[in-house]
Amino acid sequence: MQSFEIDKSDVLKVKNAILAGDETLKTVLEDYHASEIAILFERLDKSEQQYIINLLPAEIASEIISEMDEESHPEDLLFQMHPDKRTEIVEELDYDDATDIISQLEDHEQKEILEDLNEEDASNIRNLLTYDEKTAGGLMNTDLICVNINLTKKDAIDEIIRQSEEMEEFYTIYVVDENDIFKGIVSLKDIIKAKHNAQLTELVKTDAVYVHPDTDQEEVANLISQYNLTSIPVIDEHQKLLGRVTFDDVIDVMEAESTEDILKISGVSEDEELSGNWVEAVKSRLPWLVINLGTAFLASSVVRYFDPTIKLIPSLAAYMTIIAGMGGNAATQALAVTVRRISLYDLSDKQSYRTVLKEFTVGLINGAANGLIVFLFAYFFDGNPMLGLVIFLAMTGNLVIAGITGAGIPLILKRVGIDPAIASSIIITTFTDVFGFMLILGLASKLLL
């Protein structure tokens, strides 16, 4: 089965079905999965989205809303529904999904929705709303299978069957004592395979990996990936079981974190929505461009200082752009690799040193290779071997600087508590431009004049 992509024919088919009436629309929508309808919603008007959601049963409507992209604002779609329909949908949602959507609403809107829910659902969602959305507490779902460690195999299976009636799926069974203190996990497979008179105390894995509610979502994702888990328990400071984070939530986290890093490295604020309008884009990007303009003036001041050299050797102006451009590209490569390495691992001092040393070596080799190409070009095109030597040295030197700054700057920023993704690109661009111009013009002044 191939992944679904928005197609004009699909959008047109749904729009025509809306005009044709309820029965036709229902028939057309049967051809699409809930996640595919959520994608189609990106091309439909709000009124068309409302029409479809109100037509579908709450079970399917809840799936669509939970699958909608955050930038499509499913919370607005939910709040604008009739209270009865809205309540049905929220009750169908998993607690973590309901919390994610409701948390995007204003306080009075949240209150209005929660007041219509039954006491248990409202209480669970209110509790989850107290956690930061980018922590384990904000990701966790309080729906889970939890059994007492003192049960026998038969009693445990009976309890699992009873609890699973209200759950769509589960992967792991959590084990607690009579005080709800977390004792470990046990798989359904181990319970089924165990002897008839087996006790859970014999089957439980007490060394289970867990997180606290304030654990950062990226750390949660790393743990689930590292230990190949389908879910991870969330435990409070008293070792009481609060909930679980499942792998499907982690996939969303990894996608969000990767998008955030890419935007930051490019000098774009994480607050800018990918589907936002031009006003939001300008507000997000202009401050960083102004800062970049300031650093550009610094690079231009170096060029002004060597203005007499450029007047005597005009061909340097053409090679300057090559040196600076190559340095910027090399530094961006080193930066991207280093920021990703920082986001995945907690680098020790030794690992940080090796990272910088590796990029230094890469910069030296790549700089020499590209410098040799430009040397040969200058030698044959300009007929000046000394000019070629200057460019070779400048290219090599600037790519070494690019490697060191591309790896070193984000590591330093991380050490002092500054987000390396959002601040590094401007700093390294300044370094490669300033030193690139300084190397080629300074060497030319010494060797060619």
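Model, not experiment: these values are computed from the prediction.
Atom CD of Glu59 has 12 or fewer heavy atoms from other residues, nucleotides or ligands within 6.0 Å.
The closest side-chain donor-acceptor pair between Tyr95 and Asn127, if any, does not fall under 3.5 angstrom. Inspection of the Tyr174 and Ser231 side chains reveals an N or O donor paired with an N or O acceptor under 3.5 Å. Side-chain contact annotation: Asp69 with Ser72, donor-acceptor N/O pair under 3.5 Å absent. Between the side chains of Ser47 and Asp45, not a single donor N or O lies within less than 3.5 Å of an accepting N or O.
In this structure, Lys111 does not pair ionically with Asp107, as no charged nitrogen and carboxylate oxygen lie closer than 4.0 Å. Under 4.0 Å is where a charged nitrogen must lie from a carboxylate oxygen, and between Arg354 and Glu359 no such pair does.
Ring pair Phe182/Tyr210 is perpendicular by interplanar angle, where above 60° counts as perpendicular and below 30° as parallel.
Panel note: side chain Thr215, backbone Val211; no donor-acceptor pair is recorded below 3.5 Å. Without hydrogens or angle criteria, Arg43 side chain to Val11 main chain gives no donor-acceptor distance under 3.5 Å. Asn16 contributes a side-chain N or O that, together with a main-chain N or O of Leu12, makes up a donor-acceptor pair within less than 3.5 Å. Side chain of Lys183 to main chain of Val204: no donor-acceptor pair is present (N/O by atom type, distance under 3.5 Å, no hydrogens or angles). The main-chain N or O of Asp97 is never found under 3.5 Å from a side-chain atom of Asp94 such that the two would form a donor-acceptor pair. One N or O on the side chain of Ser164 and one on the backbone of Ile160 form a donor-acceptor pair closer than 3.5 Å. Panel note: side chain Glu109, backbone Glu106; a donor-acceptor pair is recorded below 3.5 Å. For the pair Thr135 (side chain) and Pro213 (backbone), a donor-acceptor distance under 3.5 Å is present. Proximity of a side-chain donor or acceptor of Glu36 to a complementary backbone N or O of His33 within less than 3.5 Å is detected. In this structure, the side chain of His238 does not engage the main chain of Lys240 through any donor-acceptor pair within 3.5 Å.
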Handout entry: Intermediate values then yes/no, side-chain contact (heavy atoms from CB on, under 4.5 Å), Val234 and Arg244
Key = CA-CA 5 Å; Val234 183; Arg244 59 174 178 147; 5.8 Å; no
Handout entry: Test side chain to side chain donor-acceptor pair (under 3.5 Å) applied to Asp190 and Ser187, step by step
Key = CA-CA 5 Å; Asp190 288 342; Ser187 70; 3.1 Å; yes
Practice task
Walk me through it: do Glu112 and Arg86 pass the test salt bridge (charged side-chain N to carboxylate O under 4.0 Å, His left out)?
Solution key: CA-CA 11 Å; Glu112 183 177 327; Arg86 185 172 63 199; 3.3 Å; yes
Practice task
List the steps and the verdict of side-chain contact (heavy atoms from CB on, under 4.5 Å) for Asp96 and Met140.
Solution key: CA-CA 6 Å; Asp96 56 336; Met140 74 176 178; over 6 Å; no
Exercise for the section: I would like to know whether Ile235 and Leu242 meet side-chain contact (heavy atoms from CB on, under 4.5 Å); could you show each step before the answer? Expected result: CA-CA 6 Å; Ile235 312 297; Leu242 300 176; over 6 Å; no
Practice task
Take Glu91 and Asn118 through the side-chain contact (heavy atoms from CB on, under 4.5 Å) test and state the conclusion after the steps.
Solution key: CA-CA 9 Å; Glu91 289 177 347; Asn118 64 58; 3.6 Å; yes
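With sequence neighbours left out, the side chain to side chain donor-acceptor pair (under 3.5 Å) criterion links Asp349 to Arg415. Listed by chain and number, the residues in a ring pair (Phe, Tyr, Trp, His ring centres under 6.0 Å) with Phe435 are Phe431 (sequence neighbours excluded). Residues meeting the salt bridge (charged side-chain N to carboxylate O under 4.0 Å, His left out) test with Glu159, sequence neighbours left out: Arg162.
A distance of 14.0 Å separates NE2 in His73 from CG in Leu78, rounded to the nearest 0.5 Å. Put simply, CG on Asn141 and CG on Leu128 are 7.5 Å apart, with the number rounded to the nearest 0.5 Å. The CG atom of Leu93 lies 7.0 Å from the CD1 atom of Ile65; values are rounded to the nearest 0.5 Å. Once rounded to the nearest 0.5 Å, the distance linking CD1 of Ile102 with CG of Leu117 reads 6.5 Å. Atom CG of Leu56 is separated from atom CD1 of Ile64 by 5.0 Å, given to the nearest 0.5 angstrom. Separation of atoms CD1 (Ile409) and NZ (Lys414) is listed at 16.0 Å; rounding is to 0.5 Å.
A heavy-atom distance below 4.5 Å is not found between the side chains of Glu75 and Gln110. Using a 4.5 Å heavy-atom cutoff, the side chains of Tyr32 and Lys13 are in contact. Within the 4.5 Å cutoff, the side chain of Asp22 has heavy atoms near those of the Tyr51 side chain. Side chains of Leu40 and Asp10 form a contact here, defined as non-hydrogen atoms less than 4.5 Å apart. When side chains are defined from C-beta on, Asn150 counts as touching Glu178, because their heavy atoms get closer than 4.5 Å. Between Val90 and Asp121, every side-chain heavy-atom pair lies at or beyond the 4.5 Å cut-off. Side-chain contact between Ile401 and Leu439 is present, with at least one heavy-atom pair separated by less than 4.5 Å. In this structure, the side chains of Leu55 and Leu25 come closer than 4.5 Å at one or more pairs of heavy atoms.
The two residues Asn148 and Leu200 come nearest to each other via the heavy atoms O-CD1, 3.2 Å. The shortest heavy-atom contact between Gln163 and Val147 is NE2-CG1, 4.4 Å. When all heavy atoms of Ala402 and Gly327 are compared, the closest pair comes out as CB-O, 3.3 Å. The minimum heavy-atom distance linking Gln49 with Phe41 is given by the pair NE2-O, 2.7 Å. Taking all atoms of both residues into account, the shortest heavy-atom contact from Glu48 to Lys15 is OE1-NZ, 2.9 Å. The two residues Lys134 and Asp132 come nearest to each other via the heavy atoms N-OD1, 2.8 Å.
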